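To keep things clear, I will list the structure first and then write my remarks on it.
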Amino acid sequence: MTKKGYYLFFVLVMSGLLVACSSSDSASETDGDSSNKVKLRMLWWGSQDRHDRTLEVIDLYMEENPHVTITAEFTGWDGYWEKMATQAAGGNLPDIVQMDYKYLAEYAGKGLLANLNTYVDSADLDLSDVEDTYSDGGIIDDKLYAVNIGANAHAIVVDNAMFEEAGIDSLEPGYTWEELKEKAKKLSDNLGDNVYGVHPGAGVMGFKHYLRQHDQWLYSEDGTELGYDDDQLLVDYLQITVDMLESGAAAPPDVFMTAGTNVEQFPIVNEETAIVMDIHSNQITAIESGAGRPLDLMLQPSLEGGELGHYIKPGQFFSVADSSEQQEEAAKFISFFTNSIEANEILNAERGVPIAGAVRKHLKENASEAGRKMFEYVELVQEYSREIDPPDPQGSTEIESLFANEVQDPIYYGEVTPEEAAENFRTKASEILAKDQ
């Protein structure tokens, strides 16, 4: 072989070796990518609109993170917790689950939810743009078990045009329970037949607010008994509604009871009342849409000399199952859901006000009129809020049903006195809490 031929042979051999090495390296890298594939399951409840928006965000995340596949599981509120309980019992909880404040303590207490502090510390779950008031609700015993994915707040809705028609000044932050009673009576007197000042609220949500104003809570710290000792607190709270019903300031129950919890059928929608008590701030969109006219959100009444009653309420959470083998990636998805402007443009605050400051500012600037009111109201509530109370204990769902059926509704219909209702509630609620110890 000539020198020239030998040289060509050498070049060809070396080229083949390089190609082989390159192919081997490429195969090795592909195998590595395959081994890094992550599969997550995610479960939530909600309307079809929520499902569609959430699926679109999942697709966006998978597009930006092609190594991740997220399988969606969703249902309506009815049956959701039965599904969760079945999966938990079978050790088969999805990696990411939508959680409610009412059930948080129960699931965390059973060791079913992961402590996310590690992922906050590593910044895989970035909460650097989230104020404490938005994140505290997911913390139990200094451990973050849930991330708030939509904040709202306790509120009332008012029709300020009806106030103006009646010649009465609108309610302003800091107004008292007595002022509410006085203005509601004047509204009823000045607005004509079959129109009332207020759609009253004598429910457990309002009572919790009233207790907070007295620096009390509905449950004891360990959740084994009621947290207030003096039944006069419940008597006084119920007496406010009784007084307004007796004076004509409040609509009688036949005006509002048929609507139930369907806010689009509340009497304020048809201008039968100028105020509706005890709603959540994110419900303003549906109420205003049903009414077809501008309505406004306002704080609950203040207690003269009392504590602040408001708090920022987590509308829903995302939690990570403690059994998940992909907790880090699950935390990264929740971080994306929280902080991505593009994702939140898709979500459009459907679950409530976003908790990240930059996202909140962006959506507020581009919100509808009703959406803007919701954002501004939550900002107002921050000025009149203090820390949220611990999640309700086991048995709370049964207690809320007890309150609705044997306190709230009988008070509306005048079937019991506030004293009788308070005594009966303590007896039966104590039995429920003792049973669930």
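For clarity, every value in this text was computed on a predicted model and none was experimentally measured.
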Item to check | Full working for side chain to side chain donor-acceptor pair (under 3.5 Å) between N160 and E164 | outcome: CA-CA 6 Å; N160 282 316; E164 185 175 352; over 6 Å; no
Item to check | F207, Y219, W217 screened by ring-ring contact (aromatic ring centres under 6.0 Å, His included) with Y228, the one that passes | outcome: F207
Item to check | Steps toward side-chain contact (heavy atoms from CB on, under 4.5 Å) verdict (I411, V242) | outcome: CA-CA 7 Å; I411 283 292; V242 170; 4.0 Å; yes
Item to check | K361/E365 salt bridge by N-O under 4.0 Å criterion | outcome: yes
Checklist outcome for this item: Across all chains, not counting sequence neighbours, the salt bridge (Lys or Arg N to Asp or Glu O under 4.0 Å) partners of K364 are E379
Next on the checklist: So for atom NZ, which belongs to K143, do other residues, nucleotides or ligands contribute more than 12 heavy atoms lying within a distance under 6.0 Å?
Outcome noted: no
Checklist entry - Looking only at heavy atoms, what is the nearest atom pair of D231 and R426, with distance? => result OD1-NE, 2.6 Å
Checklist entry - Got a salt bridge between E182 and K186, using NZ or NE/NH1/NH2 to carboxylate O under 4.0 Å? => result no
Checklist entry - Within 45 degrees of the axis of the six-membered ring of F337 and under 6.0 Å from its centre: does R351 put its NZ or CZ there? => result no
Next on the checklist: Checking W177 against Q213 for the side chain to side chain donor-acceptor pair (under 3.5 Å) test, could you report, in this order, the C-alpha distance in whole Å, the side-chain angles of both residues, the deciding distance, and whether it holds?
Outcome noted: CA-CA 12 Å; W177 290 98; Q213 292 179 325; 3.1 Å; yes
Item to check | salt bridge (Lys or Arg N to Asp or Glu O under 4.0 Å) partners of E369, counting only residues at least two apart | outcome: R372
Next on the checklist: Please enumerate all residues that pass salt bridge (Lys or Arg N to Asp or Glu O under 4.0 Å) together with E178, with sequence neighbours excluded.
Outcome noted: K181
